[in-house]
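Below: the structure, in structure tokens.
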Amino acid sequence: MYPANGTSRGGKLTTRLVDNGWSQEIAEAIGAESDQLRIISPFIKTGALARLLKAEPKNVMAITRFNLSDFAEGVSDIKALRRLLACGAKVRGIKTLHAKLYIFGSKKAIITSANLTE
């Protein structure tokens, strides 16, 4: 994972490689600025999503794959999408999505190879 800490007003942008303890990185990102959450992940599972929504962000947007076979195979949960919609999230789909990006407010982003799954 590569968390980027910076400011949106032209401040210094820093990056660093995180090769362990990424759960802690996510927990800190959620706690630092929880008003906005952007999720880009092909696969979204209910349990992993629940951890991100724990801080009750007010503005949530998600881009995921809308591929019925993903739901049939269990790599994504329709229940997770319903939970996003229930909390007022805007959800969009791209059938061939591969990117994984999590943006917390305006100051922290995590670019990773990890889907939003367990």
Side-chain angles (χ1 to χ4, degrees):
M1 297 182 126
Y2 299 91
N5 306 323
T7 65
S8 60
R9 297 195 174 128
K12 184 179 176 184
L13 178 68
T14 61
T15 61
R16 58 192 168 85
L17 175 65
V18 177
D19 59 357
N20 62 44
W22 62 271
S23 293
Q24 183 63 30
E25 290 289 334
I26 290 174
E28 289 174 12
I30 293 168
E33 193 170 344
S34 63
D35 63 330
Q36 288 186 338
L37 174 62
R38 305 293 184 256
I39 300 166
I40 301 172
S41 178
F43 309 131
I44 300 176
K45 298 290 279 180
T46 306
L49 176 64
R51 285 193 295 277
L52 287 184
L53 296 179
K54 199 175 200 178
E56 299 180 2
K58 296 172 185 70
N59 186 340
V60 180
M61 297 175 90
I63 300 173
T64 189
R65 275 179 37 162
F66 283 168
N67 190 334
L68 292 177
S69 65
D70 294 340
F71 299 106
E73 294 170 12
V75 294
S76 264
D77 293 339
I78 289 177
K79 185 177 179 181
L81 296 183
R82 286 185 179 139
R83 176 138 189 221
L84 282 165
L85 292 170
C87 75
K90 293 180 183 175
V91 180
R92 302 290 182 262
I94 299 174
K95 190 173 184 179
T96 58
L97 182 67
H98 184 75
K100 292 94 175 174
L101 172 65
Y102 307 95
I103 303 172
F104 305 89
S106 62
K107 296 183 181 172
K108 188 165 261 199
I110 297 175
I111 302 168
T112 180
S113 63
N115 288 292
L116 190 54
T117 60
E118 300 301 325

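Count residues from 1 along the sequence.
- If you take CZ on F43 and CG on L116, they are separated by 12.0 Å, rounding to the nearest 0.5 Å.
- Scanning both residues, N20 and V18, for their nearest heavy atoms gives O-CG1, 3.2 Å.
- Side-chain contact check for T64 versus S41: every heavy-atom pair is 4.5 Å or farther apart.
- Hydrophobic cluster membership for M61: none, as no Ile, Leu, Val, Met, Phe, Trp or Tyr side chain comes under 4.5 Å of it.
- By the 4.5 Å heavy-atom criterion applied to side chains, F104 and L37 are counted as neighbours.
- The CG atom of D35 sits 13.5 Å away from the CD atom of E56 when rounded to the nearest 0.5 Å.
- Among the candidates I103, I63, L49, the single residue satisfying the side chain to side chain contact (heavy atoms under 4.5 Å, CB included) test with I39 is L49.
- When side chains are defined from C-beta on, R65 does not count as touching I44, because their heavy atoms never get closer than 4.5 Å.
- When all heavy atoms are compared, the tightest approach of G74 to D77 is O-OD1, 4.5 Å.
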Table please: side-chain donor-acceptor pairs of residues 80-100 below 3.5 Å, with sequence neighbours left out.
from, atom 1, to, atom 2, distance (Å)
K100, NZ, H98, O, 2.8

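- To the nearest 0.5 Å, atoms CD (Q36) and NZ (K107) are separated by 12.0 Å.
- Counting all heavy atoms, side chain and backbone alike, K45 lies closest to V75 at CD-O, 3.5 Å.
- Residue K79 comes nearest to T46 through the heavy atom pair CB-OG1, 3.8 Å, listed as atom of the first residue, atom of the second, then distance.
- Pairing each heavy atom of S76 with each of P42, the nearest pair is OG-O, 3.6 Å.
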